[in-house]
Amino acid sequence: VERTRLLLHLVDCSELADQDPVEAFHVVRDELASYSATLAERPWLLAGTKVEGDAARARCAELQAAVGAEVWPISAATHEGLDALLGALVARLAALRA
């Protein structure tokens with residue numbers, strides 16, 4: 001992971017998630033910073049997962065508002081948002097290489 005240029009954080013936005021998505025995001029970021037300050041400073045994208053229903057979409061929107069960064073809503077079950085996320089990843093990696 002230390003060799004990566006870009007991090008992708010995946011946060012469960014479903015109603016069945018063990019943690020609130022905002023709290024889960026902060027836990028991941030805090031653990032990353034505890035592991036390596038250098039790694040925590042790397043560029044990142046954030047995807048809200050399991051957005052199959054309206055409640056999950058609303059939680060994803062709340063996550064975006066709280067974090068102040070774009071959150072890519074995705075669903076592995078329905079394939080929703082996967083192409084957009086992959087496009088964003090490719091574009092961001094290309095920009096980082098330039």
With heavy-atom distances below 4.5 Å as the criterion, would you say the side chains of Leu45 and Val71 are in contact?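 Not touching, per the 4.5 Å side-chain cut-off.
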
Going hydrophobic residue to hydrophobic residue with side-chain gaps under 4.5 angstrom, can you get from [X] over to [Y]?
X: Phe25; Y: Val1; result: yes
X: Leu96; Y: Leu86; result: yes
X: Leu10; Y: Leu82; result: yes
X: Leu6; Y: Leu85; result: yes
X: Leu8; Y: Ile74; result: yes

Output all residues satisfying side-chain contact (heavy atoms from CB on, under 4.5 Å) with [X], sequence neighbours left out; order by chain, then residue number.
X: Ala56; value: Val51
X: Asp30; value: none
X: Ala77; value: Glu52, Ser75

Audit row: Leu63, Leu46, side-chain contact (heavy atoms from CB on, under 4.5 Å) steps and yes/no: CA-CA 10 Å; Leu63 175 61; Leu46 177 57; 4.0 Å; yes

Does CD belonging to Gln19 count more than 12 external heavy atoms closer than 6.0 Å?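 Yes, because the 6.0 Å sphere around CD of Gln19 holds more than 12 heavy atoms from other groups.
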
Do any pairs count as a ring pair (Phe, Tyr, Trp, His ring centres under 6.0 Å) and have a residue in residues 61-98, sequence neighbours left out, and if so which ones?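 Non-adjacent pairs meeting ring pair (Phe, Tyr, Trp, His ring centres under 6.0 Å): zero.
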
With side chain to side chain donor-acceptor pair (under 3.5 Å) as the rule and sequence neighbours excluded, what pairs involving residues 4-13 come up?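 Checked against side chain to side chain donor-acceptor pair (under 3.5 Å) - neighbours excluded - the pairs reaching residues 4-13 are His9-Arg29, Asp12-Ser14, Asp12-Lys50.
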
Under the side chain to side chain donor-acceptor pair (under 3.5 Å) definition, can you give me all pairs with a residue in residues 31-49, not counting sequence neighbours?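 Checked against side chain to side chain donor-acceptor pair (under 3.5 Å) - neighbours excluded - the pairs reaching residues 31-49 are Glu2-Tyr35.
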
Indicate the atoms forming the closest heavy-atom contact of Ala33 with Ala40, along with that distance.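 Minimum heavy-atom separation between Ala33 and Ala40: CA-CB, 3.7 Å.
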
Minimum heavy-atom distance Gly48-Cys13, with the two atoms named: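 That would be CA-SG, 3.7 Å.
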
Taking only residues two or more places apart in sequence, or in another chain, which ones meet Glu62 in a side chain to side chain donor-acceptor pair (under 3.5 Å)?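 Applying side chain to side chain donor-acceptor pair (under 3.5 Å) to Glu62 gives none.
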
Suppose the criterion is salt bridge (Lys or Arg N to Asp or Glu O under 4.0 Å): which pairs have a residue in residues 67-92, not counting sequence neighbours?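 Residue pairs with at least one partner in residues 67-92: Arg57-Glu80.
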
Enter the distance from Arg59:CZ to Asp54:CG here, rounded to the nearest 0.5 Å.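 Answer rounded to 0.5 Å: 13.5 Å.
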
Could you identify which residues cluster with Val28, counting Ile, Leu, Val, Met, Phe, Trp and Tyr as linked when any side-chain heavy atoms lie under 4.5 Å apart, either directly or through a chain of such contacts?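 Via sub-4.5 Å side-chain contacts, Val28 links to none.
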
